[in-house]
A.B. asks: 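Mind having a look at this structure? Questions to follow.
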Amino acid sequence: MHIDQALLQKYNQPTPRYTSYPTVPFWNEGIDSELWKEAVRQRFASCNSDEGISLYLHLPFCESLCTYCGCNKKITTNHTVEEVYLEAILKEWRLYRELMDTPPVIREIHLGGGTPTFFSPANLHRLVSSLLKDSIIHSDYAFSIEGHPNNTTRQHLDELFQLGFRRISYGVQDLNPEVQRIINRIQPFENVQQATETARAAGFTAINFDLIYGLPRQNGDRLAHTISQSLSLHPDRIAFYSYAHTPRVIDAQRLIDENDLPDAVEKLSLYLLGKELISAQGYANIGMDHFALHTDELYTAWKQQTLHRNFMGYTTQKSGMLLGLGVSAISDTNTAFAQNEKTLGGYYKSIHSGNLAVHKGYFLSKEDGLFRRHILDMACQGRTFFNPSCKTELEQWSLPVLRDLQNDGLVTLHAGHVEVTTTGRHFIRNICKAFDLHLLRRDASSPQQTFSKAI
């Protein structure tokens, strides 16, 4: 569909990805670990038997540095680090198990990084099988992993398949040799093709590709070539992310010459081109930069309005609690968030002392919980019903923004709810921002501030 360029220019502003609310910049640097433990206990007791829990494991090691990457990673070619790290994660899991009075029902596992396939197939098998020992696998489970096309082997895939993994995400990013050279991620198309075909041969039924627009030396022809080659492999989902250049926050990005980056107008044209090419091949725009084939379960969940969103992005699994294991991993009990120590040294010190590694977090107020629900509803179902107990806050902060969005044709306001229009689906982040009271209040008091990085 055609989208007015003036509209795109107007809403081309830094906006959170809303994998949490409140977003990470509004969390507190310290967290009371005893209060956090109690939040875990209570949530586990209320949700485990029916909804189950999700696990996110952060595996931070990479053999080489990708200069665009904003993930928490550790660059090394020394694979002896695998054993030490696995022991720490399993000890952290045992610390959480002490808070659970019944066997956990595991509904979702995601291995992220870093490069999870940095770890040997045997070590990945040991890690996951240890987590599942004395646990119950939910009848409607989903296990997934992020793989690097250059080092994901058939042995990795076979081990993971035996453990129940059926989805893998490959970081393709861009397939132009010059762009790859600048961002230091050299992976020929043949490697992506082989990794994809090997995953399907191993029994994986769902393949995701991550693509990025706005990278250095990227242009329309190069992006079109990347998308054409990528879609020739028929991935089930595409995540089409914007490159966020924040060298003051991410040291590796200082290696990128800013003269090589597209300007705002060029980047916008890349975005439009990518969306058009992906949509033309039958992928539905789910929202928040995600596209899925009509045969994919994410599309089904979106159509049936059962979609959910957490720190792993969009998911079909609506578990009651997410526990993040590993350095910098984030956990969510629905009433509180906690993030682990960001350095390996700090993480190891806490775990080996017999303490959870949480160092930063947030306990939600009643207002936070209500507006979190509004944001999740808009991001996942495309509509939300106004809670009468929020009337004052809605009238002061949200409704003025929603009326502007309605004037631009992005939402339709009703007496008791608001719905996203077809055009508005391309602006979900901006629409969710209408319910972000923390950001709206901050901008009102300090309008000169900008949200430097989408979280």
Side-chain angles (χ1 to χ4, degrees), residues 14-43 56-60 69-74 85 88-89 91-92 95-96 99 112-114 244 246-254 310-312 321-369 371-372 375 432-433 435-455:
T15 311
R17 293 178 59 229
Y18 291 111
T19 53
S20 75
Y21 179 77
T23 53
V24 176
F26 293 100
W27 295 5
N28 302 312
E29 283 302 322
I31 184 172
D32 186 319
S33 61
E34 292 304 314
L35 285 178
W36 169 249
K37 289 179 184 178
E38 186 57 30
V40 172
R41 286 191 193 96
Q42 291 184 10
R43 186 58 175 165
Y56 170 75
L57 281 65
H58 190 73
L59 307 179
C69 180
C71 299
N72 188 316
K73 67 271 184 187
K74 178 71 174 178
Y85 192 74
I89 277 195
K91 186 169 184 178
E92 182 182 11
L95 291 172
Y96 273 116
L99 306 177
T246 54
R248 288 179 296 177
V249 180
I250 302 168
D251 290 344
Q253 292 185 354
R254 297 173 188 172
N310 58 25
F311 285 103
M312 295 179 280
M321 179 169 66
L322 167 66
L323 290 181
L325 305 178
V327 62
S328 76
I330 293 175
S331 299
D332 174 8
T333 67
N334 196 49
T335 59
F337 300 113
Q339 183 173 27
N340 282 349
E341 292 279 355
K342 291 186 177 181
T343 66
L344 278 173
Y347 174 72
Y348 286 146
K349 181 179 179 180
S350 294
I351 297 300
H352 294 318
S353 298
N355 300 311
L356 292 176
V358 294
H359 86 108
K360 180 178 184 176
Y362 190 93
F363 292 90
L364 279 70
S365 67
K366 181 179 179 181
E367 177 189 277
D368 291 329
F371 278 82
R372 180 189 191 189
I375 288 173
C432 288
K433 184 181 174 182
F435 297 97
D436 187 342
L437 298 196
H438 288 268
L439 191 54
L440 294 174
R441 286 167 176 156
R442 191 205 67 182
D443 288 350
S445 61
S446 304
Q448 73 277 9
Q449 294 190 42
T450 59
F451 201 98
S452 62
K453 184 183 178 186
I455 299 296

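Just so it is clear, the model here is predicted, and its values are computed rather than measured.
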A.B. asks: Where does the angle between the aromatic ring planes of H438 and F26 fall among parallel (under 30°), tilted (30 to 60°) and perpendicular (over 60°)?
C.D. replies: tilted

A.B. asks: Going by salt bridge (charged side-chain N to carboxylate O under 4.0 Å, His left out), name the residues that satisfy it together with K73, two or more places apart in sequence or in a different chain.
C.D. replies: none

A.B. asks: Write down the atom of F311, the atom of S20, and the distance for their closest heavy-atom approach.
C.D. replies: CZ-CB, 3.2 Å

A.B. asks: Considering only NZ, NE, NH1 and NH2 on the basic side and carboxylate oxygens on the acidic side, decide whether K433 and D436 come within less than 4.0 Å.
C.D. replies: no

A.B. asks: If you count heavy atoms of other groups shown closer than 6.0 angstrom to NZ of K74, is the number above 12?
C.D. replies: no

A.B. asks: Between P22 and Y362, which heavy-atom pair has the shortest distance, and what is it?
C.D. replies: CG-CE2, 3.5 Å

A.B. asks: Side-chain contact test, heavy atoms from C-beta onward, threshold under 4.5 Å: evaluate it for L364 versus F371 and give yes or no.
C.D. replies: no

A.B. asks: Identify every side-chain donor-acceptor pair in residues 325-337 under 3.5 Å, counting partners at least two apart or on other chains, and give the distances.
C.D. replies:
residue	atom	partner	partner atom	Å
S331	OG	G324	N	2.7
D332	OD1	N334	N	2.7
D332	OD1	R372	NH2	3.4
D332	OD2	R372	NH2	2.4
T333	OG1	T335	N	3.4
T333	OG1	T335	OG1	3.2
T333	OG1	A336	N	3.1
T333	OG1	A336	O	3.4
N334	OD1	R372	NH1	3.2

A.B. asks: Is a side-chain N or O of N28 found less than 3.5 angstrom from the main chain of G30, in a donor-acceptor match?
C.D. replies: no

A.B. asks: Output side-chain donor-acceptor pairs under 3.5 Å for residues 347-359, partner residues at least two apart or in another chain, one line each.
C.D. replies:
residue	atom	partner	partner atom	Å
Y347	OH	E92	OE1	2.6
S350	OG	G346	O	3.3
S353	OG	K349	O	2.7

A.B. asks: Minimum heavy-atom separation for P16 and L439, please, with both atom names.
C.D. replies: CD-CD2, 4.0 Å

A.B. asks: Looking only at non-hydrogen atoms, find the nearest pair between G114 and C71 and report the distance.
C.D. replies: N-CB, 4.2 Å

